[in-house]
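First comes the structure, then the notes that go with it.
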Amino acid sequence: MSVARELWTGVALDDQIQAASSNPVILDGQALAVWRGEEGPVRVWEDRCPHRGMRLSFGFVRGETLRCIYHGWTYATDGQCLAIPAHPTLAPPKTICASTYPSETRYGIVWTKLDGGSNGAALPDLGPDEGWEPVRSLFVHAAASPVLEALLNCDLGQQGPVHMVAENAAEVEIGPELRVLVAVHAMDDERTALHAVARGPRAASERAGLARRLERLRDDIERA
Amino acid sequence: MTVTTDPVALNQWVPCAWDGQIPVGGSLDTMIFGQPIHVQRTGEDSYRVAAVDGTTERELPVQVRYTCVFTTLGDTPRPLPEIAEFDEADRRITGCGNVGVNTSPYRLVENFLDMAHFAFIHTDVLGALDQTEVLAYRTEHRKEVDEIWAIDCTFYQPAASKAATGGQLTRYVYRVMSPFSVMLYKNVVTDPSRNDAICVFIQPKRETECLAYMPMAIVDEVSTVGDLIDFQQSIFLQDRVILENQRPALLPLDPTSELPTRADASSIAYRRWLKAMDIRFGILEKQAA
Ligand code: FES
Ligand SMILES: [Fe+2]
């Protein structure tokens, strides 16, 4: 699968992106900085400072701003540059702006798409946002298409059929009380990440078991 | 990568070893501009350098200066710069070895020219987080020598050198001597009438793979050579983390792809100069598809 640029892709579990942190993520070969202010939602930006190209995933967070580590240029949540420390009295021109991607947090997963327009499919809809628990993220040394195929045929135990809720996300019902959502995240042609969340009364107690089954799935794919 | 065909890059002298790196009678295999070379130390002060292609060797010119062994692949190379401080009798001359950096040579030169990062990357040594301002300075293209200079630079430094005992307003003059070499003159803590001279000569092995050599001619009667080298290397290692995480590693010359500000006047002048000389090696827009 080559990720369509208009496709929403789950790129991290929301609870893994700590407050006041900036983190590197690769999506379809593109380097992204996934960051969160001291409060507030996760943002997804190009991992490149407009000034001299430093990775913004090395940046540090102050309040709801991201500061580049190299020369301290400070960016607001919309990407606009607010301060250039080399010239403390200068108001940065509006043209200095980090490039941002749309991001949404739903079902405990952070979703983004590389094409910022409103083209393409909507986010997967599995009902209300509440009640989803993180299971785990894991990284597979394989392209996304064999991973998706293996996921469709996987055995997470006592399960109903696997349905695709988007081109790159699958839902599995395990008994009446446990639903699992797995987002498939193509990093590049050789690496794929899976981000899994679960919902239902048994979600918390089954977490470790589900994580182990997903690890087994990864091992099977990597052996194939 | 294959050997570059860029005549501008080929016609530069670049370091390929530091003097003393190879024992007499010994040799070293390395690379410049994608070309494998063989550096032999044939005597105390003599070296032989050859380009190696399979089993054939082509002898290359050699010069030993500024603690480095230089060679070139070109027939009409731009001469090595004159740096008078290396001839002053009371100077501490040291080479600091070399450090590998995975980026294009130009990113290294720009980092060396850049005062705006001192407070953030060399915090409490070359800069302080509460004094980040870069005051206006001037840049010049000195046509007689075809070099880029930045003059009247000043920056507040908490511990400007090994010899410093407190903060000072340091005066700098920067000098870009070739696409792959740059130096600075920085006022001496103990004697305001003199300048320390610190150079960076870059050995571009491939477009985004370099070795940096940092010869210095320092006025400091107290510190040992070991101390001077440790200081310089600790600074350089802080820069290396940055240099290897700038994207793209190749230098963009299109003025809209990265957005400079006044503090970057020297980098702007350097890029303009590179563009005018039509250098292609390691330049983003000059990549053959
Ligand atoms: S590269 Fe980000 S502030 Fe300079
Ligand atoms: Fe530096």
Side-chain angles (χ1 to χ4, degrees), chain A residues 22-35 44-62 65-76 79-101 114 188, chain B residues 103-104 106-123 127-137 153-156 208 238-268 270-271 284:
Chain A
S22 185
N23 311 268
V25 164
I26 298 171
L27 171 57
D28 208 19
Q30 290 272 338
L32 308 176
V34 175
W35 70 279
V44 179
W45 289 8
E46 186 185 358
D47 196 5
R48 190 179 77 87
C49 177
H51 175 220
R52 284 295 182 248
M54 182 62 199
R55 284 181 187 273
L56 288 171
S57 56
F58 280 66
F60 48 102
V61 173
R62 284 287 153 80
T65 65
L66 180 61
R67 273 189 151 196
C68 177
I69 194 177
Y70 197 177
H71 308 97
W73 291 22
T74 304
Y75 299 93
Q80 186 63 55
C81 181
L82 296 176
I84 296 178
H87 304 299
T89 57
L90 175 96
K94 284 277 171 277
T95 47
I96 303 181
C97 199
S99 32
T100 65
Y101 296 106
L114 296 176
D188 53 34
Chain B
T103 189
S104 60
Y106 317 110
R107 294 277 192 200
L108 262 152
V109 170
E110 289 198 329
N111 168 267
F112 192 81
L113 290 172
D114 172 32
M115 289 179 283
H117 79 288
F118 288 165
F120 296 93
I121 305 303
H122 312 298
T123 314
L129 282 172
D130 58 354
Q131 302 201 43
T132 54
E133 183 164 11
V134 175
L135 299 172
Y137 59 91
C153 309
T154 48
F155 204 77
Y156 173 81
T208 57
Q238 293 173 330
D239 286 315
R240 186 166 71 170
V241 178
I242 299 298
L243 286 165
E244 296 193 336
N245 286 288
Q246 276 173 283
R247 301 175 45 251
L250 296 167
L251 190 75
L253 286 183
D254 175 345
T256 61
S257 51
E258 294 184 342
L259 304 175
T261 180
R262 277 205 317 273
D264 302 303
S266 52
S267 144
I268 296 167
Y270 175 56
R271 289 188 187 193
L284 181 69

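Letters go in sequence order (proteins before strands), and every chain restarts at 1. Both backbone and side-chain heavy atoms feed into the values below; hydrogens, waters and symmetry mates do not.
Between B/Ser267 and A/Arg52, the shortest heavy-atom distance links the atoms OG-NH2, 2.7 Å. For the pair A/His87 and B/Val134, the tightest heavy-atom approach, listed with the atom from each and the gap, is CE1-O, 3.7 Å.
In this structure, B/Glu244 and A/Arg55 have side chains that are not in contact, with every pair of non-hydrogen atoms separated by 4.5 Å or more.
For A/Ile69, the parts lying under 4.5 angstrom from a heavy atom of chain B are both the backbone and the side chain. Residue B/Asp239: no heavy atom, backbone or side chain, is found under 4.5 Å from chain A.
Of the listed residues (B/Glu133, B/Arg247, B/Gln246, B/His117), the greatest number of heavy-atom pairs within a distance under 4.5 Å of chain A belongs to B/Arg247.
The contact list for residues 94-101 of chain A toward chain B, using heavy atoms and a distance under 4.5 Å, reads A/Thr95, A/Ile96 by residue number.
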Verdict with reasoning, A/Tyr70 to B/Asn245, per side-chain hydrogen bond (donor to acceptor under 3.5 Å, both in side chains): CA-CA 10 Å; A/Tyr70 197 177; B/Asn245 286 288; over 6 Å; no

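By the ring-ring contact (aromatic ring centres under 6.0 Å, His included) test, A/His51 is found to be paired with A/His71, A/Trp73, residues two or more places apart in sequence or in another chain being considered.
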